[in-house]
Asker: 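Below is a structure I'd like to ask you about.
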Amino acid sequence: MEFKYDVIVIGAGHAGCEAAAAAANLGSKTCLITMDMNKIGQMSCNPAVGGIAKGQIVREIDALGGYMGLVTDRTAIQFRMLNRSKGPAMWSPRAQCDRGKFIWAWREVLENIPNLHIWQDTVEELLVENGEVTGVVTCWGVTFRAKCVVLTAGTFLNGLMHIGRKMLPGGRCAEPASYHLTESITRHGITAGRMKTGTPVRIDARSVRFDLMDIQDGENDFHRFSFISEPRPLQQLPCWTCFTNEEVHETLRSGLADSPLYNGQIQSIGPRYCPSIETKIVTFPDKPQHQLFLEPEGESTRELYLNGFSSSLPMDIQLEALKKIPCFQDVVLYRPGYAIEYDYFDPTQLRHTLESKRVRNLFFAGQVNGTTGYEEAGGQGIVAGINETT
C-alpha cells in the first residue's frame, strides 16, 4: 500500500498535534501518524500546562493560530496566575487539566480540520533520495510518500524505562518503544544521542490525609490562556502541598545504591534541570525538607500526581519514603515513579526553521530536539508545521 501527502507528521504528542494542525490549516494535505489514536496529546507527566517561563509560550502558540491554549482552557480543572507578587510582565498562567478530557479535546480538534488525516501505525524507516526526504515506511509495510516529514517522536525512539535495577523497553509506562527509525535517520549523517527524564508516583486520593496538608485553591477570575476561549466549563478543583522531612531523606539515601542515576545504569543527561527527589537530597544535603504538590489528574478520577517527587528508585524505597510523610502514612499507589532514556538529535544540526541541514524537507520538533515540557514541544511543533509549508 502506498499513500501520497504533502506533509507527514510522525508522533501525535504536543509537537505533533500543533505541527499537523498548522500544516493542514495552511492548505497542505497532511497525515498524522501515531502509535495509538487514544493517546493523542497525551500528557505523559504532569497533566498541567504553563507556569513560569512556559505559560508565555502557550500564548505565543495561540497568537500563531495554534490550539494548546484553547484545549487547555477547555479542559482546565484549576487555573492560577503565578508570580502575582511581581509586575504584570512576570505573571505566568498555569492550568491543571483533566488528562483524559485533554486527549479527547485534541482529537476532536484534529479530526475536524480539513486536509488532515490520522493513521495509527509505527514509522520504522525514513525514505530519502538525493539528500531530500520522500516519505516513510511503517511497521505494517505501508509507504507514505510526502514532500515534507516532521519528526515529533517524543521519548519513544529506543525508549528504555528504569525503576531501580529493573529495566524495561518502552516509550511510556505500558506503551511500546519505537525501534529502527533512529538508525534509519542516522544513516544520512544526522547525529543522535541519549537523554533521560522521569516522572513521580501516582497516588489514590482515598488513602491521603488531606487534613494534614495545606490546600491550594485556584483562581476563578477572567484570566485564560487563549483570548478567544469561552469560560472554563469544568469543575475547578484544589491542589495541596506538604513537605518531605529528614526521615524521608534517610530512606531515600538508603536506596541510592540501587538508583539508576547513581549506580551507572543511566549515564545520559536530562534535557534541563528538573531534578528527581534523589538528586535533590544528594545535591542539597543541607536542606531539611523539600516542598511537594499533590495535584488532581482529572475532574472525576481519584488519581493524584505528586509534583516534586520524581524518582527512579526501587518501588519499595519510594513507598517506604512516602509513608514517612504524615499525610501519606497510609498511602496507596496506582504506580511508582520511573525514569526513561530515549534517543534525541542534536539541535545544532537544524536550521532556525527546524529543518535538518543534512536532509532537505525533514523537520524535527519537540523532545527529539532535547526540549522539555509540553509548551516547548508545542511551540516547536507549530514552527515546524508553518515552515514546512513555505
Side-chain angles (χ1 to χ4, degrees), residues 1-13 15-17 19-21 23-24 28-42 44 103 106-107 110-111 113-161 168-192 340-345 355-356 358-368 381 384-385 388-389:
M1 294 180 66
E2 185 168 312
F3 300 98
K4 291 186 179 180
Y5 285 91
D6 297 318
V7 177
I8 298 294
V9 178
I10 305 171
C17 288
S28 295
K29 185 182 178 183
T30 304
C31 184
L32 176 61
I33 303 177
T34 176
M35 297 171 72
D36 188 347
M37 288 177 61
N38 294 320
K39 297 289 177 62
I40 286 175
Q42 167 73 304
S44 305
I103 291 171
W106 250 121
R107 185 163 165 177
L110 296 173
E111 289 183 353
I113 295 177
N115 299 320
L116 178 55
H117 297 166
I118 300 172
W119 178 265
Q120 183 168 292
D121 207 339
T122 302
V123 173
E124 287 195 342
E125 184 180 356
L126 186 73
L127 300 177
V128 178
E129 297 176 9
N130 301 317
E132 183 173 355
V133 71
T134 60
V136 300
V137 179
T138 74
C139 69
W140 287 109
V142 182
T143 298
F144 288 85
R145 297 287 178 180
K147 300 173 184 176
C148 297
V149 172
V150 185
L151 178 65
T152 70
T155 62
F156 282 80
L157 297 180
N158 294 317
L160 181 64
M161 299 179 291
L168 286 175
R172 268 192 304 246
C173 186
E175 296 182 51
S178 175
Y179 299 104
H180 312 301
L181 184 55
T182 296
E183 294 73 18
S184 175
I185 292 170
T186 56
R187 188 181 304 145
H188 302 286
I190 297 171
T191 303
I340 183 168
E341 288 185 288
Y342 55 94
D343 292 340
Y344 83 104
F345 302 93
E355 181 186 13
S356 169
R358 291 276 186 174
V359 178
R360 294 190 302 278
N361 296 329
L362 173 62
F363 293 76
F364 294 79
Q367 225 162 340
V368 292
E388 55 74 31
T389 61

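Please read all numbers here as calculations on a predicted model, not as lab measurements. Values below: all heavy atoms of this structure, side chains included; hydrogens, waters and symmetry mates excluded. This chain uses plain numbering: 1 for the first residue, then up along the sequence.
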Asker: Could you pull out the closest heavy-atom pair between Asn361 and Val133, with the gap in Å?
Answerer: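 Distance-wise, the nearest heavy atoms are O-CG1, 3.1 Å.
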Asker: Go through the structure and list residues passing side-chain contact (heavy atoms from CB on, under 4.5 Å) with Arg145, not counting sequence neighbours.
Answerer: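 side-chain contact (heavy atoms from CB on, under 4.5 Å) check on Arg145 returns Glu2, Lys4, Leu127, Glu129, Thr134, Thr143.
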Asker: Can you name the residues that form a side-chain hydrogen bond (donor to acceptor under 3.5 Å, both in side chains) with Glu341, not counting sequence neighbours?
Answerer: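 By the side-chain hydrogen bond (donor to acceptor under 3.5 Å, both in side chains) rule, Glu341 matches His162, Ser268.
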Asker: For the atom pair OG1 (Thr182) and CD (Glu124), what is the distance rounded to the nearest 0.5 Å?
Answerer: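 Thr182 atom OG1 to Glu124 atom CD measures 11.5 Å (nearest 0.5 Å).
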Asker: Checking Asp121 now: which residues fulfil salt bridge (charged side-chain N to carboxylate O under 4.0 Å, His left out) with it, not counting sequence neighbours?
Answerer: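 With sequence neighbours excluded, Asp121 shows a salt bridge (charged side-chain N to carboxylate O under 4.0 Å, His left out) to no residue whatsoever.
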Asker: For the atom pair CG (Asp343) and OG1 (Thr155), what is the distance rounded to the nearest 0.5 Å?
Answerer: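 OG1 of Thr155 is found 10.5 Å from CG of Asp343.
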Asker: Quick one: list whatever passes salt bridge (charged side-chain N to carboxylate O under 4.0 Å, His left out) with Glu132, sequence neighbours left out.
Answerer: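 Counting only residues at least two positions away or on another chain, Glu132 forms a salt bridge (charged side-chain N to carboxylate O under 4.0 Å, His left out) with Arg360.
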Asker: Given the rule in the side chain to side chain contact (heavy atoms under 4.5 Å, CB included) test, do Tyr179 and Thr122 qualify, once you have shown the distances and angles that lead to the verdict?
Answerer: CA-CA 9 Å; Tyr179 299 104; Thr122 302; over 6 Å; no
Asker: Report the residues that fulfil side-chain contact (heavy atoms from CB on, under 4.5 Å) with Ala146, sequence neighbours left out, ordered by chain and then residue number.
Answerer: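 Scan of Ala146 (side-chain contact (heavy atoms from CB on, under 4.5 Å), adjacent residues dropped) gives Ile8.
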Asker: Out of the candidates Val123, Leu126, Val136, Val128, only one should pair with Ser184 under the side-chain contact (heavy atoms from CB on, under 4.5 Å) rule; please name it.
Answerer: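 Between Ser184 and the candidates, side-chain contact (heavy atoms from CB on, under 4.5 Å) is satisfied uniquely by Leu126.
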Asker: With a 4.5 Å heavy-atom cut-off, do Phe364 and Leu151 have their side chains touching?
Answerer: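 The answer is yes, as the side chains (C-beta and beyond) meet within the 4.5 Å cut-off.
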Asker: If you look at every heavy atom in Thr152 and Gly16, which pair is closest and at what distance?
Answerer: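 Smallest heavy-atom distance, with atoms named: OG1-CA, 3.3 Å.
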Asker: Looking at residues at least two apart in the chain, or sitting in another chain, which of them share a side-chain hydrogen bond (donor to acceptor under 3.5 Å, both in side chains) with Asn38?
Answerer: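 Applying side-chain hydrogen bond (donor to acceptor under 3.5 Å, both in side chains) to Asn38 gives Arg107.
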Asker: Does Lys39 have any side-chain hydrogen bond (donor to acceptor under 3.5 Å, both in side chains) partners at least two apart in sequence or in another chain, and if so, which?
Answerer: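 side-chain hydrogen bond (donor to acceptor under 3.5 Å, both in side chains) check on Lys39 returns Glu175.
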Asker: Taking only residues two or more places apart in sequence, or in another chain, which ones meet Ser44 in a side-chain hydrogen bond (donor to acceptor under 3.5 Å, both in side chains)?
Answerer: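 Testing Ser44 for side-chain hydrogen bond (donor to acceptor under 3.5 Å, both in side chains), a comparison that skips the adjacent residues, returns Arg172.
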Asker: Taking all non-hydrogen atoms of both residues into account, name the closest pair between Gly11 and Leu32 and its distance.
Answerer: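 So the minimum-distance heavy-atom pair works out to O-CD1, 3.3 Å.
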Asker: To the nearest 0.5 Å, what is the distance between CG (Leu116) and OH (Tyr5)?
Answerer: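 The CG atom of Leu116 sits 9.0 Å away from the OH atom of Tyr5.
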Asker: Under the side-chain contact (heavy atoms from CB on, under 4.5 Å) test, which residues partner Ile103, sequence neighbours left out?
Answerer: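 If we apply the side-chain contact (heavy atoms from CB on, under 4.5 Å) test to Ile103, skipping adjacent residues, the hits are Gln42.
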Asker: Shortest non-hydrogen contact from Thr30 to Ala24?
Answerer: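 Taking every non-hydrogen atom into account, OG1-N, 3.5 Å.
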Asker: To the nearest 0.5 angstrom, please state how far the CG atom of Asn158 sits from the NE2 atom of His180.
Answerer: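 Those atoms lie 8.5 Å apart.
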Asker: Just verifying a value: how many Å separate Ile190 CD1 and Arg358 CZ, rounded to the nearest 0.5 Å?
Answerer: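 Spacing of CD1 (Ile190) from CZ (Arg358) equals 8.0 Å.
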Asker: Between atom CG of Leu362 and atom CD1 of Ile10, what is the distance when rounded to the nearest 0.5 Å?
Answerer: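 The distance works out to 8.0 Å.
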Asker: If the condition is salt bridge (charged side-chain N to carboxylate O under 4.0 Å, His left out), which residues does Lys147 pass it with, not counting sequence neighbours?
Answerer: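 Salt bridge (charged side-chain N to carboxylate O under 4.0 Å, His left out) list for Lys147, sorted by chain: Asp6.
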Asker: Could you tell me which residues satisfy ring pair (Phe, Tyr, Trp, His ring centres under 6.0 Å) with Phe3, sequence neighbours excluded, listed by chain and number?
Answerer: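 By the ring pair (Phe, Tyr, Trp, His ring centres under 6.0 Å) rule, Phe3 matches Trp119, Phe144.
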Asker: Mind listing the closest non-hydrogen atom pair of Ser28 and Val7 along with its distance?
Answerer: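 Distance-wise, the nearest heavy atoms are CB-CG2, 3.9 Å.
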Asker: Looking at every non-hydrogen atom in both residues, tell me the closest pair between Trp106 and Ile40 and how far apart they are.
Answerer: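 Smallest heavy-atom distance, with atoms named: CB-CG2, 4.2 Å.
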Asker: Hey, are the side chains of Asp36 and Gln120 touching, using non-hydrogen atoms and a 4.5 Å cut-off?
Answerer: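 Contact flag for Asp36/Gln120 side chains = yes.
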Asker: Residues two or more places apart in sequence or in another chain: which of them pass side-chain contact (heavy atoms from CB on, under 4.5 Å) with Ala384?
Answerer: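 Residues passing side-chain contact (heavy atoms from CB on, under 4.5 Å) with Ala384: Val150, Leu354, Phe363, Ala365.
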